[in-house]
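Contents: one structure, followed by commentary.
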Amino acid sequence: MLFRVFIRVITFASLALIALPRYATAHDIPNDVTIQAFLKPEGKRLRLLVRVPMKAMRDVVFPERGVFLDLARIDPLLHDAAQVWISDNIQLEEGDRRLPKPTIADTRVSLESDKSFASYEDALAHVTGAPLPNETNVVWNQTMLDVLFEYPIQSDQAYFSIHPGFERLGLRVVTALRFLPPGGAVRAFEFTDDPGLLRLDPRWYQAAARFVEGGFLHILDGTDHLLFLFCLVIPFRRMRTLIPIVTAFTVAHSITLIASAYNLAPDALWFPPLVETLIATSIVYMALENIVGAGTVHRRWMITFGFGLVHGFGFSFALRQTLQFAGSHLLMSLLSFNVGIELGQLLVLVLMVPVLEALFRFAVAERMGTIILSALVAHTAWHWMIDRGAQLRQFRFEWPELNAALLAATMRWLMVMVALAGAVWLVRMLLRERARRLRTD
């Protein structure tokens with residue numbers, strides 16, 4: 001009797017182990033999912049066209065005939081999948097009013113090779129057109145679900161926002177969204193996972209608020225920029241002394257940040273790793289200057305200005321992916337991003353100066369503390385410089401082709417450099433004159 005029970009337990013366990021891999025495979029979360037979408041307001045309705053890989057809809061069991069999809073019986077399940085996995089995860093707003101749940105106007109199964117989502121017109125014609133023939137042999141996880149949603153709106157001239165919560169469709173979800181306002185240019189967006197609420201046509205103050213926040217969080221999250229500020233502050237801890245140094249850094253990085261946003265910076269593949277290497281080098285230099293005690297206010301602000309130009313390019317790399325959310329307010333967004341950076345720097349300085357003052361007063365002598373802290377920073381930045389330099393050496397530098405566009409860009413940068421040199425000379429002379437008057441008084 002016990003032997004029979006034992007045999008049954010072993011049999012059931014074996015069957016469970018055999019069935020387990022299949023069950024897990026059916027519910028695996030895909031690594032990469034790409035979603036394509038069009039959003040177009042037309043009169044009193046807002047049309048949303050979406051294409052999603054069907055392999056991302058893990059809890060839906062699509063009917064099959066053998067190993068292929070049974071297209072004759074799939075329509076009701078497409079409607080359910082579109083609602084559960086797409087429309088329930090989208091929040092649309094007209095102005096400040098949240099739009100109701102949409103009507104699912106059409107659904108279609110498409111092959112992965114289908115190119116109809118290259119334009120809105122082709123995608124709309126495809127989704128509202130004839131479906132795949134029922135005899136098409138295709139596996140369910142090699143197909144796409146195309147859906148047309150329709151939302152009731154009050155006016156197609158309103159300001160629209162969207163919150164696409166597609167992050168649970170895969171481990172990494174990339175959404176390519178194109179917004180087609182009436183009578184305006186197509187605005188293309190590309191974002192990863194859940195970007196939050198996106199203003200598709202933001203007003204100036206909405207764009208400004210978003211970019212102030214982005215600049216503030218970026219400076220707090222940028223370890224290399226914070227270490228550079230730390231090196232600036234260590235020997236000069238009085239706000240009056242720090243003002244010209246921090247101002248030079250602000251003006252310099254603002255120049256290159258705005259220039260990069262207007263496509264005046266090199267677009268070669270080697271340029272970002274070069275900038276990252278130079279940023280690490282700037283930290284090493286500042287730390288070594290603190291150690292040898294060669295820093296003076298007049299010398300420090302000029303060097304900071306030069307390194308600030310490099311850091312501005314670094315800021316532009318972080319800004320590059322978010323400028324798509326600026327709408328028609330590019331310059332306002334750039335200035336707002338700079339304001340956010342300055343607010344972050346001000347917060348760091350307000351916290352950092354009292355801590356250093358207390359450290360040098362109660363824990364360690366100022367000169368010894370400056371050497372120790374700067375040595376630790378130099379050690380960290382040195383490793384960054386070596387690692388980033390190794391990455392830079394992997395790129396092959398090629399001289400750009402000599403043409404009219406190159407000459408025009410060179411002339412623009414020469415004009416900028418001449419203007420910067422003049423500004424630096426003027427500020428230096430004013431500071432010297434001010435120091436001379438203070439000595440005579």
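Keep in mind it's a predicted model, so treat the numbers as computed, not measured.
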Legend entry - Test item: Met54 and Leu78 side chains (from C-beta on) under 4.5 Å apart, heavy atoms: yes

Inset, instruction - For Phe230, check ring pair (Phe, Tyr, Trp, His ring centres under 6.0 Å) against everything at least two apart and list the hits. - result: none

Inset, instruction - May I ask you to decide whether Arg187 forms a salt bridge with Asp201, counting only side-chain N to carboxylate O separations under 4.0 Å? - result: yes

Legend entry - Side chain proximity check, Leu171 to Asp32, heavy atoms < 4.5 angstrom: no

Inset, instruction - Supply the atom-to-atom distance Ile283 CD1 to Leu226 CG, rounded to the nearest 0.5 angstrom. - result: 9.5 Å

Legend entry - Close side-chain approach of Phe38 and Leu48, heavy atoms under 4.5 Å: no

Legend entry - Nearest-0.5 Å distance that lies between atom CG in Leu274 and atom CZ in Phe271: 6.5 Å

Inset, instruction - Report yes or no: is the cationic atom of Lys40 (NZ for Lys, CZ for Arg) closer than 6.0 Å to the six-membered ring centre of Phe179, at no more than 45° off its axis? - result: no

Inset, instruction - Side-chain contact test, heavy atoms from C-beta onward, threshold under 4.5 Å: evaluate it for Leu334 versus Phe211 and give yes or no. - result: no

Legend entry - For Leu132, side-chain contact (heavy atoms from CB on, under 4.5 Å) partners two or more places apart: Leu71, Val109, Leu111, Thr136

Legend entry - Side chain proximity check, Pro164 to Leu177, heavy atoms < 4.5 angstrom: no

Inset, instruction - Is it possible for you to check whether Arg178 lies under 6.0 Å from the centre of the six-membered ring of Phe189, through NZ or CZ, and within 45° of that ring's axis? - result: no

Legend entry - Minimum side-chain heavy-atom gap Val174-Val33 below 4.5 Å: no

Inset, instruction - Decide yes or no for Tyr151 and Arg47: does some side-chain heavy atom of the first lie under 4.5 Å from some side-chain heavy atom of the second? - result: no

Inset, instruction - Answer yes if the side chains of Ser110 and Asp146 hold a donor-acceptor pair under 3.5 Å, and no otherwise. - result: yes

Inset, instruction - State, yes or no, whether a side-chain contact exists between Arg210 and Leu198 at a heavy-atom distance under 4.5 Å. - result: yes

Legend entry - For the student: nearest non-hydrogen atoms of Asn290 and Ser374, plus distance: CB-OG, 3.1 Å

Throw together a table of side-chain donor-acceptor distances under 3.5 angstrom for residues 82-91, partners on residues two or more places apart or in other chains.
{"from": "Ser87", "atom 1": "OG", "to": "Gln83", "atom 2": "O", "distance (Å)": "3.1"}
{"from": "Asn89", "atom 1": "ND2", "to": "Trp85", "atom 2": "O", "distance (Å)": "3.0"}
{"from": "Gln91", "atom 1": "NE2", "to": "Glu93", "atom 2": "OE2", "distance (Å)": "2.8"}

Legend entry - Check ion pair Asp156-Lys44 (N to O, under 4.0 angstrom): no

Inset, instruction - Might you confirm whether atom CG of Leu347 has over 12 heavy atoms from other residues, nucleotides or ligands at distances under 6.0 Å? - result: yes

Legend entry - Interatomic distance, Met144 atom CE to Phe117 atom CZ [nearest 0.5 angstrom]: 8.5 Å

Legend entry - Residue pair Arg65 / Asn137, side-chain donor-acceptor N/O under 3.5 Å: yes

Inset, instruction - Flag yes if more than 12 heavy atoms outside Glu64 fall under 6.0 Å of its CD atom; otherwise flag no. - result: yes

Legend entry - Arg168, CZ: over 12 other non-hydrogen atoms inside 6.0 angstrom: yes

Inset, instruction - Output every pair passing side-chain hydrogen bond (donor to acceptor under 3.5 Å, both in side chains) with a member in residues 324-343, not counting sequence neighbours, ordered by first then second residue. - result: Thr250-Glu342, His253-Asn338, His253-Glu342, Ser254-Asn338, Glu342-Gln345

Legend entry - Over 12 non-hydrogen atoms of neighbours within 6.0 angstrom of NZ in Lys101: yes

Inset, instruction - Only counting residues at least two apart or in another chain, list the ones meeting ring pair (Phe, Tyr, Trp, His ring centres under 6.0 Å) with His383. - result: His379

Legend entry - From Leu349 atom CG to Leu356 atom CG, the distance as rounded to the nearest 0.5 Å: 10.5 Å

Legend entry - CD/Glu112: more than 12 non-hydrogen atoms of other groups inside 6.0 Å: yes

Inset, instruction - To the nearest 0.5 Å, tell me how far Glu94 CD sits from Leu99 CG. - result: 6.0 Å

Inset, instruction - Look up atom CG in Asp106 and atom CG in Leu49, then write down how far apart they are to the nearest 0.5 Å. - result: 9.5 Å

For residues 307-319, which side-chain N or O atoms pair as donor and acceptor with protein atoms under 3.5 Å away, sequence neighbours left out?
{"from": "His311", "atom 1": "ND1", "to": "His225", "atom 2": "ND1", "distance (Å)": "2.9"}
{"from": "His311", "atom 1": "NE2", "to": "Ser282", "atom 2": "OG", "distance (Å)": "3.1"}
{"from": "Ser316", "atom 1": "OG", "to": "Phe313", "atom 2": "O", "distance (Å)": "2.5"}

